[in-house]
Amino acid sequence: MAEKPAEKAFYRFLVLFFNCLLTFGSYFCFDIPSVLQEQFQGNLTCPNSTVVNGTVPNTTAECIEGLGMTPQEYNLLYAIYAWTNALVVIMAGFLIDKLGNRFGVFLFSFLTVLGSAIFALGSHFKGTGYLLPLMLTGRLLFGSGNGSLTIVQNRITAFWFKGKELALAFGLTLAFSRLGSVLNFFFTQRFEAHFGIQWTLWGGTILCVVGFLAAITVSALDKVGMKQLGLDGAIQEESRKVRVQDVRQLSLRYWLLVLTIMFFYNGIFPFIADASKFIQDKYSGYSQKEAAYIAGAVYDSSLVLSAAVGILIDYVGLRGVLAVACAILTLPVFALLAFTFVPPLVSTIWLGVTYSFAAASMWPSIPLVVPQATLGTAMGLATSVQMIGIGISNLIVGQILGTKSSDAKIPLWRWQRMMIFMLANTISCIITSVLLNVIDHRQGGTLNKTTKRSAVQQPPAPPDRDPLLEGEEGQEEEASVRSPSINSS
């Protein structure tokens, strides 16, 4: 019998390409305020060569015209995104499991478009009472869509690449997201200088529209492919069985993996948020722009390495071992930053390397320890715990640094305490990842096998077993019985 298109490698990589485009625009759009912070907090009007008593005021050249937000209002744009993510992704994951990938990808990509459009619209109401409510509403809707879109993106990737190039596929989706962030950092300021902040925000909306078109395309490819493989009906039947109570079926391995992810990211993102100011306060001779470039090296390294690291992990497996290794190798980064004057670029590149390996080994491990039908719920819970952990860590870091002024120089001893807090999170990550490996070893060592071996070395499942009730042990078995074409070489 001739091989169907959906069984060929080109088809799943075509799905992957459009799947990667889902979040490229939204990640670009998410980081626009961080690049244009001065414009968001700039003056509502500038004199702009206005002559007063025959002279031009000296403040004219220094005046930056913008939206007139206070620092508190500006930071609220990020706070509402983070906490919305933490709350919405749990229910979003359950809905994706219940109603399917196509429903999720359409709904959540549409929310990113709607949210970014309302956010851009709000910028036209500067100087009025409508600006902040509109922009906060936009960020709330955008956050609801973007965090949930990442879950359905990972669910589609896990379905099409389980038993094959799983870590590579996860690495490529991460690389595309990081590419959006990096390109935003390089081009948004220049675009705003020529066209203004309003058109810049609408440009972000256009990129989200590209993601929505990619969502329509990936939905069509997913539907056609699953019909060709004869899996559409089976997966829909499993989805109908998904219940909220299934959360109780998630294994100890899963929860240890979630805690490992949370503690690792607790040491990464809160550091990056303050890295630029830290570099300027501790090391002499760095301008704000240079410090921002050095802080951004974490993401630059991730962008460059993600795909290659994914290929390596698919080949060698060892996801659990790499989780431990990444945490251990991250310890010297914060020690160097806290207690030495080694150039900070060394530490940020080093952190970018360990971050790349951690992301490519930890997140693709989730589909290996939960049933396929509950993967959306599992991803949603993991994302929620991660966001809650990062949010709490940011609050703690703010208390440690002890200042509300962005201009005041923070004493070195406060920065050292912050780095010690980062070290404490990393040590916690080491503990949970070691426990994860111990439990995984007792249950067959799935995480440390290569992708193909973990998919094919499982005994066939009896036909009457319900993988939703059997937990993680039934996951690979279900895949090999119901979808041999997906898991064959």
Visitor: Heavy-atom distance under 4.5 Å between the side chains of L303 and Y299, does that happen here?
Guide: no
Visitor: Testing the basics here: between T84 and G143, what is the closest heavy-atom pair and its distance to 0.1 Å?
Guide: CG2-C, 4.3 Å
Visitor: Check G211 against S109 and note the closest heavy-atom contact, atom names and distance.
Guide: O-CB, 4.5 Å
Visitor: Taking atom CZ of F24 and atom CG of L179, what is their separation to the nearest 0.5 Å?
Guide: 5.0 Å
Visitor: By side chain to side chain contact (heavy atoms under 4.5 Å, CB included), which residues pair with C326, not counting sequence neighbours?
Guide: F264, F357, A358
Visitor: Evaluate side chain to side chain contact (heavy atoms under 4.5 Å, CB included) for F119 paired with W202, printing each intermediate quantity in order.
Guide: CA-CA 9 Å; F119 187 70; W202 283 112; over 6 Å; no
Visitor: Measuring from atom OG of S123 to atom CD1 of I118, what distance do you get when rounded to the nearest 0.5 angstrom?
Guide: 12.5 Å
Visitor: Would you list the pairs meeting side-chain hydrogen bond (donor to acceptor under 3.5 Å, both in side chains) in which at least one residue belongs to residues 361-370, sequence neighbours left out?
Guide: Y265-W363
Visitor: Looking only at non-hydrogen atoms, find the nearest pair between P270 and V397 and report the distance.
Guide: CB-CG2, 4.2 Å
Visitor: Taking ring-ring contact (aromatic ring centres under 6.0 Å, His included) as the definition, give me every residue that meets it alongside F13, ordered by chain and number, with sequence neighbours left out.
Guide: F161
Visitor: Take atom CZ in F106; do more than 12 heavy atoms of anything else shown fall under 6.0 Å from it?
Guide: no
Visitor: Any idea which heavy atoms bring A120 and T205 closest together, and the distance?
Guide: CB-OG1, 4.0 Å
Visitor: Only counting residues at least two apart or in another chain, list the ones meeting side chain to side chain contact (heavy atoms under 4.5 Å, CB included) with A297.
Guide: L345, T348, I349
Visitor: Using only atom types and a distance under 3.5 Å, with no angle test, would you say the side chain of S148 pairs donor to acceptor with the backbone of A92?
Guide: no
Visitor: Between T330 and T354, is the side-chain hydrogen bond (donor to acceptor under 3.5 Å, both in side chains) condition met? List the steps.
Guide: CA-CA 7 Å; T330 301; T354 59; 3.2 Å; yes
Visitor: Answer yes or no: is there a donor N or O on one side and an acceptor on the other, between the side chain of D222 and the main chain of I156, under 3.5 Å?
Guide: no
Visitor: Taking the side chain as everything from C-beta on, heavy atoms only, tell me whether M262 gets closer than 4.5 Å to N266.
Guide: yes
Visitor: Please confirm whether the backbone N or O of K449 pairs with a side-chain atom of R319, one donor and one acceptor, at under 3.5 Å?
Guide: yes
Visitor: Output a table of donor-acceptor pairs, distance under 3.5 Å, between side-chain atoms of residues 134-142 and any protein atom two or more places apart or on a different chain; print 'none' if there are none.
Guide:
from : atom 1 : to   : atom 2 : distance (Å)
T137 : OG1    : P133 : O      : 2.7
R139 : NE     : L77  : O      : 3.3
R139 : NH1    : F30  : O      : 3.4

Visitor: I'd like to check V15 versus V218 (side-chain heavy atoms, cut-off strictly below 4.5 Å). Are they in contact?
Guide: yes
Visitor: Start with the C-alpha distance between Y355 and L174, add both sets of side-chain angles, then the distance that settles side chain to side chain contact (heavy atoms under 4.5 Å, CB included), and finish with yes or no.
Guide: CA-CA 11 Å; Y355 170 53; L174 175 64; 4.2 Å; yes
Visitor: Between S306 and S356, is the side-chain hydrogen bond (donor to acceptor under 3.5 Å, both in side chains) condition met? List the steps.
Guide: CA-CA 6 Å; S306 291; S356 300; 4.8 Å; no
Visitor: Determine whether the side chains of N19 and W160 contain a donor N or O and an acceptor N or O closer than 3.5 Å.
Guide: no
Visitor: Can you tell me how far OG of S302 sits from CG of L351, rounded to the nearest 0.5 angstrom?
Guide: 10.5 Å
Visitor: Shortest non-hydrogen contact from G147 to V89?
Guide: C-CG1, 3.8 Å
Visitor: Can you give me the closest heavy-atom contact between A378 and L250, atom names plus distance?
Guide: CB-CD2, 4.3 Å
Visitor: With a 4.5 Å heavy-atom cut-off, do L318 and I313 have their side chains touching?
Guide: no
Visitor: Could you go through the side chain to side chain contact (heavy atoms under 4.5 Å, CB included) check for Q386 and V258 one step at a time?
Guide: CA-CA 8 Å; Q386 177 202 15; V258 168; over 6 Å; no
Visitor: Can you confirm whether M226 sits close enough to R102 that some side-chain heavy atom of one is under 4.5 Å from a side-chain heavy atom of the other?
Guide: yes
Visitor: Looking at T150, L21, T157, L168, which hits side chain to side chain contact (heavy atoms under 4.5 Å, CB included) with T173?
Guide: T157
Visitor: How long is the straight-line distance from OG of S433 back to CG of L447, given to the nearest 0.5 Å?
Guide: 11.5 Å
Visitor: Do you see a donor-acceptor pair shorter than 3.5 Å between the side chains of S177 and T23?
Guide: yes
Visitor: Suppose we screen for ring-ring contact (aromatic ring centres under 6.0 Å, His included). Which residues come up paired with F191, at least two apart in sequence or across chains?
Guide: F195
Visitor: Is it the case that the side chains of T112 and S26 hold a donor-acceptor pair, with the cut-off being a distance below 3.5 Å and no angle test?
Guide: no
Visitor: As an exercise, state the distance from SG of C208 to CG of L213, rounded to the nearest 0.5 Å.
Guide: 11.5 Å
Visitor: Applying side-chain hydrogen bond (donor to acceptor under 3.5 Å, both in side chains), run through Y81 and N146 and close with a yes or a no.
Guide: CA-CA 9 Å; Y81 177 94; N146 196 34; 2.8 Å; yes
Visitor: To the nearest 0.5 Å, tell me how far T383 OG1 sits from M379 CE.
Guide: 7.5 Å
Visitor: Indicate yes or no: at least one non-hydrogen side-chain atom of L221 is less than 4.5 angstrom from one of Y11.
Guide: yes
Visitor: Evaluate the side chain to side chain contact (heavy atoms under 4.5 Å, CB included) criterion for residues V105 and I216: first the C-alpha distance (whole Å), next the side-chain angles of each, then the deciding distance (0.1 Å), finally the verdict.
Guide: CA-CA 8 Å; V105 78; I216 295 172; over 6 Å; no
Visitor: With a 3.5 Å distance limit and no angle check, can you tell me whether S384 reaches the backbone of G380 through a side-chain donor-acceptor pair?
Guide: no
